[in-house]
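So that we are looking at the same thing, I have put the structure below in structure tokens.
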4 protein chains.
Amino acid sequence: MNNKAEKRREQILRAAFQAVSEKGFHSVTLQDIADYADVSKGVTSYYFQNKEDVFRHLLEWVTEKIYKNEHAAISKEHTAPDKLRAYVHAAFANPSDNRKFYRVYLEFLAQANHNEQFRDTNDRFYENCWSIGREIIQLGQKEGTFANVDIDKASYTIRALIDGSLIQWLMQNNDQLHTFYRDNCLETLSNYLTNKNNQNSN
Amino acid sequence: MNNKAEKRREQILRAAFQAVSEKGFHSVTLQDIADYADVSKGVTSYYFQNKEDVFRHLLEWVTEKIYKNEHAAISKEHTAPDKLRAYVHAAFANPSDNRKFYRVYLEFLAQANHNEQFRDTNDRFYENCWSIGREIIQLGQKEGTFANVDIDKASYTIRALIDGSLIQWLMQNNDQLHTFYRDNCLETLSNYLTNKNNQNSN
Amino acid sequence: MNNKAEKRREQILRAAFQAVSEKGFHSVTLQDIADYADVSKGVTSYYFQNKEDVFRHLLEWVTEKIYKNEHAAISKEHTAPDKLRAYVHAAFANPSDNRKFYRVYLEFLAQANHNEQFRDTNDRFYENCWSIGREIIQLGQKEGTFANVDIDKASYTIRALIDGSLIQWLMQNNDQLHTFYRDNCLETLSNYLTNKNNQNSN
Amino acid sequence: MNNKAEKRREQILRAAFQAVSEKGFHSVTLQDIADYADVSKGVTSYYFQNKEDVFRHLLEWVTEKIYKNEHAAISKEHTAPDKLRAYVHAAFANPSDNRKFYRVYLEFLAQANHNEQFRDTNDRFYENCWSIGREIIQLGQKEGTFANVDIDKASYTIRALIDGSLIQWLMQNNDQLHTFYRDNCLETLSNYLTNKNNQNSN
DNA sequence: GATGAATGAGCGTTCATTCAT
DNA sequence: AATGAATGAACGCTCATTCAT
């Protein structure tokens, strides 16, 4: 039955996610994934064309999950500043999840330079992230709470700072800094977007 | 002579840098490095303990080079805004160099999660980057051109935005966007640091 | 099934035995073992941790086989002189088997000096050999056919002469001498143990 | 000058002997030998055709040394029993020397099965050893102190027991047993050769 | 004579992939 | 649908050998 197969595939993707997060993209063997998924070695090859196919689906699966979560978070709020806060707080979910995701995500970003499919998937993820940014900024400009920044530029900037901050945080290997980076990120973005006199001069 | 050996080692590191940039960290074989360096297979093993030792030295070599270049760039300027511009322009040197460096750097960041030595080296690189930021901000605050932001926070933020922007740029695979990202990064940081009313509220 | 795996392991050990006997311990490659076993190169690594693990098991397997064979031989006899004859004849089975075994055994003895596990296995083999000697001598002394030699000493001596003789025979590379060495060994041991006046003077 | 070259060659053989004794025949690299000899890597290749050539000369050199020493020892004595004692005591020189020699010798014996030149050299060594035995026995029979054993047989037996005993001793890795094995060897040979009633019945 | 940098053949080991069951 | 035994390609590493200096 299709549903069962889908469950198996997700079971394997979860295992692969865990495995890559703990052991690293290139150390992970199909045997590792099988072990984490508590299935036999052949199963992964049965449900995916090959190892790369697993990773391709893993990247899609994990970025989709991240996007949906972030999108859901801003949907619950109604003002632009609240949405911004919700976005940043969703992106900085918690040390454990962030570590797991960014460890894996960094490996994929690195691979994306040599793998078009990864790059395509990341492009879609970026588009999704930017669309969240745009949505927030447009609302803010309608509300008058956000400055008249270029919407595209700003949405790029938002994601760049989020990713840049979380990568820097990850490298510190210090969970205590998580709140600091989150709050600093939010504060910087708030200042950046807030309507003072800092109109974009372009 | 020691000097000759040192040259050989650098020759190999250059080759490894090129190889990793083009083929990716884990695809690179010792044979690849030898080919890029135009030497025989055994040479790399002769000058480095093993493959990991090559990469360890490569990361040190390349981050040191980046830091020195950026530090030299700000040293030529005398006002904080000029230094900031020089820093960002040095970091966004040109598409070709940025692509090469960030491709390799991303791979190391990904590996750093599973390799303490890489993490240590990156920690030193971060410290160096932050020190550049601090130097600029301190000067700006003395001059009165920069706002009274928390210096540490701001120096983290500067690097986070630079790295975040360049990684995002890299993923677009579109050299045309390089200037855009550079200018946007500089503008955002300028706004962030410039003394308007956006005093740090902490 | 476990039994099938056990068969494979023994198949590989037989192949390794043959390979070491013909090519020598250090010339033997995993490919050689695979060729002798008529399996692919990966199989040996599949059933054993590594090459050394193969040899470790090979030494255990082959010394155990030799001991069991010799022990079975003396068990069939009922008087000490008959047992002694049976022991020596079992040890000097035939040129072909002796050549194969001592070629391999010599390599292991040589390696044992640098490999504790080999030494341990050989220690167990020695204990087993000596126990055969002790059993024969004790019976002989009970029967009154064997002199009052020190049992431990004599059991060491018996094995030393058997090994010393077979090594010397092996080095001659002349099968014709096999019977001569066997008979001389038995005769010398008989004289040594037989109850004349040569009581141990210690 | 020829003499200087000869010295260099012996220096290398000594180093090789030490290296093989400590590290084992197959672990020893030309670099090891160079290190032990305190010369540079190229020297060994300069004075010997190749690695095997070193070992070939090493075996000759070391067996010759052993033979000469044993022959000198018996030459100092005048009665057969004294010569026998001298022979055994020379063969069982001391734990340290015996360990060094037999470690190396065992490796050569093992290799001899796959290397005709080693076998030839060992044949000469055996001939020399047997000639010592024959000399002693002939004298003993002339004196009437030794029984009428077959001289060839007995000389083989003597060396077989000496080698068998020392190999067994070596494997125990216990210097304390050295005297025991030596005395037991001598006693057994004495009993074997001494003129009681144990005339050889062949 | 002596050095040691450079070469490249060869081997152990890993592991994705296949396929008989 | 699932297993895991078997295969063999590929790579890191070692080291004997060569040779320019």
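First the proteins, then the strands, lettered A, B, ... as listed; each starts at 1.
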Side chain of D/Ala5: nearest nucleotide among E/dT3, E/dT7, E/dG1? E/dG1
If you pin C/Gln31 and A/Ser45 to their nearest nucleotides in DNA chain E, which one's is more 5'? C/Gln31
For D/Gln18 and D/Glu22, does a side-chain donor sit closer than 3.5 Å to a side-chain acceptor?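 Yes, side-chain donor-acceptor contact under 3.5 Å.
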Do the ring centers of C/Tyr36 and C/Phe17 come within less than 6.0 Å of each other?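 No, too far apart.
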In this structure, how many angstroms lie between the C1' atom of F/dC11 and the CG atom of B/Asp35, rounded?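 The distance from CG of B/Asp35 to C1' of F/dC11 comes to 14 Å, rounded to the nearest Å.
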To the side chain of D/Asn50, which of F/dT17, F/dA2, E/dG4 is closest? F/dT17
Under 4.0 Å, counting only non-hydrogen atoms across every strand here, what does A/Val28 touch: a base, just sugar-phosphate, or nothing?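 It contacts sugar-phosphate atoms only.
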Among the nucleotides F/dA2, E/dT3, E/dA16, which one has an atom lying closest to any side-chain atom of A/Lys51? E/dA16
So D/Thr29, base contact, sugar-phosphate only, or nothing? Heavy-atom distance under 4.0 Å. sugar-phosphate
Out of E/dG1, F/dA6, F/dA1, minimum distance to the side chain of D/Tyr47 belongs to E/dG1
Relative to each other, are the rings of B/Phe101 and B/Tyr105 parallel, tilted or perpendicular (30° and 60° limits)? parallel
C/Phe118 and C/Phe108 aromatic ring geometry - parallel, tilted or perpendicular at 30°/60° bounds: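 Because their plane-to-plane angle is over 60°, the rings of C/Phe108 and C/Phe118 count as perpendicular.
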Could you give the CZ-to-P distance, from D/Phe48 to F/dA16, as a whole number of Å? 15 Å
Donor-acceptor pair under 3.5 Å: do we get one between A/Lys41's side chain and the base of E/dT17?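 Yes, a donor-acceptor pair under 3.5 Å.
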